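Okay, structure first, notes after.
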Amino acid sequence: MIPVNEPLLGVKEFQYAAECLKTGWISSAGKFIGDFEERWAEYCGMKYGVAVSNGTAALQVAIGCLDLKPGDEVIMPTFTIISCALAAIYNGVKPVLVDADPGTWTMDVSQIESRITSRTKAIMPVHIYGHPCDMESIWELARKYNLTVIEDAAEAHGAEHKGKRCGGLGDISCFSFYANKIITTGEGGMVLTNNEEFAEKARSLRNLCFRQDRRFYHTELGHNFRMTNIQAAIGIAQLERIDELVQKKRWIGQTYSEKLDNVPGLILPVEEPWAKNVYWMYAVVLEENIGMEAIEFMERLREHGIDTRPFFLGIHEQPVFHKMGLFKNERYPVAEMIARQGLYLPSGLTLKEKQINEVADMVISILNTSAYSTSETVLY
Ligand SMILES: Cc1ncc(COP(=O)(O)O)c(C=O)c1O
């Protein structure tokens, strides 16, 4: 089986993690935590880093930094992981959705303004599959309506918007370091910001809102979202080789794109002129007229030893939210189409050119047997 993803762990990851075990610094105190926070913030061009237990927690903490009242709203794409909507809901605020852009699959910025109300507190752009959002349009709206921008850069380590790194483009940014992310700590996440008050609040929220002045006396609701020193140690080792990891992802993306360019029935990921795409996962969309949905295509690839994953099902299509009375009659046609027709191909950091060739050849071969390729009216 060619796996959809595999982390690349080296000797340093073992050495640094072993140092924690040898010295006994295995919980959330220890030198690696502060070091990782500082160095990741610096890499992304932000001042403060607050390491947390995962990316979902980072999003929840980020929204929790705002001054919120029940019924407030956060605008986000429907085409994203459920974590974004959960982060709003667990903070007592409402996720308000926009569709995906058909080119980059990130949030369609042309839909944001019509969704802004007097309750809107923030916009949450998500850099999908490693391609940055159109941040300029988002900043313009944020300035005009006095909104906070919370970037979800979980999938975009090292990606750039006009030469500036993702994660350094909002008022607050959030990362995941889950095992399938470009750099990993196993499980883990981080909140970054230039705003000292947000950083202070994020540190407090992650650690049960302990007060500085009186131990075990709490005036706010917090969480235990702490990262361990062992995780941070692995993170440091990964960060030391991030340029190599980002370069490898871009090579995988570019190699697939060369091999699959102009294949009928297949929509490939783009790289806008203002963007550096890190191809976190090499994602493709099957044209609807090939007569095959992604799920069937994935099954065919699996039969040939190729592991893949489907695209996100939009937030507005999640039954759990319908049960709560949310998004019931909302329609977002681009997100609905790509959710059914999209999949991502093996994109792990250990992937070899031979494997990319094998996957690309099989993709082409399956498409050649699809209804699309045998239909005279469509093709020729
Ligand atoms: C865009 C995005 N945001 C947030 C998350 C949540 O991260 P975690 O799995 O670490 O909670 C993910 C996870 O894959 C993600 O892809």
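Residue numbers run from 1 in the order of the sequence given. Hydrogens, waters and symmetry mates play no part in the numbers below; they use all other heavy atoms, side chains included. Please read all numbers here as calculations on a predicted model, not as lab measurements.
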Could you tell me whether Arg340 and Glu288 make a salt bridge, using a distance below 4.0 angstrom between a side-chain N and a carboxylate O?
no
Side chain to side chain, Phe312 and Thr78, heavy atoms closer than 4.5 Å
no
Short question: side chain of Asn277, backbone of Val270 - any donor-acceptor pair under 3.5 Å?
yes
Interatomic distance, CG@Leu266 vs CD@Gln341, rounded to 0.5 Å, equals 11.0 Å
* Mind telling me whether Trp274 and His161 have parallel, tilted or perpendicular rings, with 30° and 60° as the class edges? => tilted
Do Tyr16 and Phe36 have ring centres separated by under 6.0 Å?
no
Can you tell me if NZ on Lys248 sees more than 12 non-hydrogen neighbours from other groups inside 6.0 Å?
yes
Around atom CG of Asn329, are there more than 12 heavy atoms of other residues, nucleotides or ligands at under 6.0 Å? no
Are any non-hydrogen side-chain atoms of Val246 and Lys276 less than 4.5 angstrom apart?
-> yes
Might you confirm whether atom CZ of Arg331 has over 12 heavy atoms from other residues, nucleotides or ligands at distances under 6.0 Å?
-> no
*asked:* Any donor-acceptor pair under 3.5 Å linking the side-chain atoms of Thr117 with those of Glu73?
replied: yes
**Study point:** Single-linkage hydrophobic cluster Val363~Ile366, side-chain heavy atoms < 4.5 angstrom
**Key:** yes
inquiry  = I'd like to know if Lys164 pairs up with Glu151 as an ion pair, taking the criterion as any Lys NZ or Arg NE/NH1/NH2 lying under 4.0 Å from an Asp or Glu carboxylate oxygen.
reply    = no
ask   = Is Asp307 salt-bridged to Arg302, cutoff N-O under 4.0 Å?
value = yes
Next item on the list: Tell me, yes or no, whether the heavy-atom count around Glu303 atom CD, taken from other residues, nucleotides or ligands under 6.0 Å, exceeds 12.
Entry: yes
Does the gap between the ring centers of Phe79 and Tyr332 come in under 6.0 Å?
no
### Query
Can you check side chain to side chain contact (heavy atoms under 4.5 Å, CB included) on Tyr145 and Glu113, steps first, answer last?
CA-CA 9 Å; Tyr145 295 96; Glu113 192 159 19; 2.4 Å; yes
Notebook entry, point to check: Under 4.5 Å between side-chain heavy atoms, hopping through other hydrophobics if needed: is there a path connecting Met227 to Ile242?
Noted result: yes
Taking the side chain as C-beta and beyond, is there a heavy-atom pair between Ile26 and Leu21 under 4.5 Å? yes
**Prompt:** So Phe210 and His218, would you call those rings parallel, tilted or perpendicular, with 30° and 60° as cut-offs?
**Reply:** tilted
Given the rule in the side chain to side chain contact (heavy atoms under 4.5 Å, CB included) test, do Lys181 and Trp280 qualify, once you have shown the distances and angles that lead to the verdict? CA-CA 7 Å; Lys181 298 303 183 291; Trp280 167 62; 3.8 Å; yes
- If we only count heavy atoms from C-beta on, is the Ile89 to Pro95 side-chain gap below 4.5 Å? yes
Any donor-acceptor pair under 3.5 Å linking the side chain of Ser257 with the backbone of Gly253? yes
Result for side chain to side chain contact (heavy atoms under 4.5 Å, CB included) between Leu345 and one of Val4, Leu301, Ile2 points to Leu301
What one should report as the nearest heavy-atom pair of Tyr48 and Asn194 is CE1-O, 3.5 Å
Point to revise | Pair Leu59-Met124, side chain to side chain contact (heavy atoms under 4.5 Å, CB included): steps then yes or no | key: CA-CA 10 Å; Leu59 291 164; Met124 182 185 277; 3.9 Å; yes
In terms of heavy-atom contacts, Leu245 and Leu8 come closest through CD2-CD2, 3.9 Å
Per side chain to side chain contact (heavy atoms under 4.5 Å, CB included), Leu343 is matched among Thr308, Val285, Ile338 by Thr308
**Asked** Would you say Gln15 has more than 12 foreign heavy atoms packed within less than 6.0 Å of its CD?
**Response** yes
Between Gln238 and Glu13: side-chain donor-acceptor atoms closer than 3.5 Å:
yes
Using side-chain heavy atoms (C-beta onward) and a distance below 4.5 Å, is Val191 in contact with Phe225?
no
- Message: Using a 6.0 Å cut-off, check whether atom CD of Gln254 has over 12 heavy atoms from anything other than its own residue.
- Response: yes
Can you see whether Tyr279 has Arg250 sitting over its ring - NZ or CZ less than 6.0 Å from the centre and within 45° of the normal? no
- Message: If we count only N and O atoms by modelled type, under 3.5 Å, do the side chains of Glu358 and His304 hold a donor and an acceptor together?
- Response: no
Apply salt bridge (charged side-chain N to carboxylate O under 4.0 Å, His left out) to the pair Glu240 and Arg39, showing each step before the final yes or no.
CA-CA 10 Å; Glu240 284 176 0; Arg39 285 162 74 173; 3.4 Å; yes
### Message
Taking atom CD as the centre, does Glu244 end up with more than 12 heavy-atom neighbours from other residues, nucleotides or ligands that are less than 6.0 angstrom away?
### Response
yes
If you count heavy atoms of other groups shown closer than 6.0 angstrom to CZ of Phe14, is the number above 12? no
Side chain to side chain contact (heavy atoms under 4.5 Å, CB included) for Glu353 and Lys259? Distances and angles first, verdict last.
CA-CA 11 Å; Glu353 186 161 11; Lys259 305 210 182 288; 4.0 Å; yes
Let me check something: do Val359 and Ile295 share a hydrophobic cluster, defined by ILVMFWY side-chain heavy atoms less than 4.5 Å apart, either directly or through other members? no
Taking every heavy atom of Met107 against every heavy atom of Pro125, the minimum-distance pair comes out as SD-CA, 3.4 Å
Under a 3.5 Å distance rule, please check whether Asn91 uses its side chain to pair with a backbone N or O of Ala87 as donor and acceptor. yes
Original post:
Quick one: does Asp99's side chain have a donor or acceptor within less than 3.5 Å of a partner on Ala335's backbone?
Top reply: yes
Closest heavy-atom pair, Leu66 versus Ala122, reported as atoms and distance to 0.1 Å, is CD1-CB, 3.8 Å
Q: Please state whether the rings of Tyr43 and Trp40 are parallel, tilted or perpendicular, taking 30° and 60° as the class boundaries.
A: parallel
To the nearest 0.5 Å, atom CD of Glu336 lies from atom CD of Glu317 at 4.5 Å
Checklist entry - Are any of the side-chain heavy atoms of Ile112 and Ile123 separated by less than 4.5 Å? => result yes
Are Val334 and Ile267 connected into the same hydrophobic cluster when the rule is that any two of I, L, V, M, F, W, Y join if their side-chain heavy atoms are below 4.5 Å apart?
no
Check: Going by heavy atoms in the side chains, are Val278 and His157 under 4.5 Å from each other?
Finding: no
In terms of the angle between their ring planes, are Phe311 and Trp105 parallel, tilted or perpendicular, with boundaries placed at 30° and 60°?
perpendicular
- Message: Is there a path of hydrophobic side-chain contacts, each under 4.5 Å between heavy atoms of I/L/V/M/F/W/Y residues, joining Leu141 to Leu147?
- Response: yes
Is it true that the side chains of Arg206 and Ser28 contain a donor and an acceptor less than 3.5 Å apart? no
Only residue of Asn229, Ile230, Thr228, Ile33 satisfying side chain to side chain contact (heavy atoms under 4.5 Å, CB included) with Trp25 is Asn229
Ion pair check, Glu19 and Lys22, cut-off under 4.0 Å | no
Any donor-acceptor N/O pair, Asp171 side chain to Val149 backbone, under 3.5 Å | yes
All heavy atoms of Glu220 vs all of Lys201, minimum pair found to be OE2-CE, 3.5 Å
I want to check something: taking the side chain as every heavy atom from C-beta on, are Trp251 and Ile356 in contact at a cut-off of under 4.5 Å? yes
Closest non-hydrogen atoms of Ile82 and Ile315, given as atom of the first, atom of the second and distance, are CA-CD1, 3.7 Å
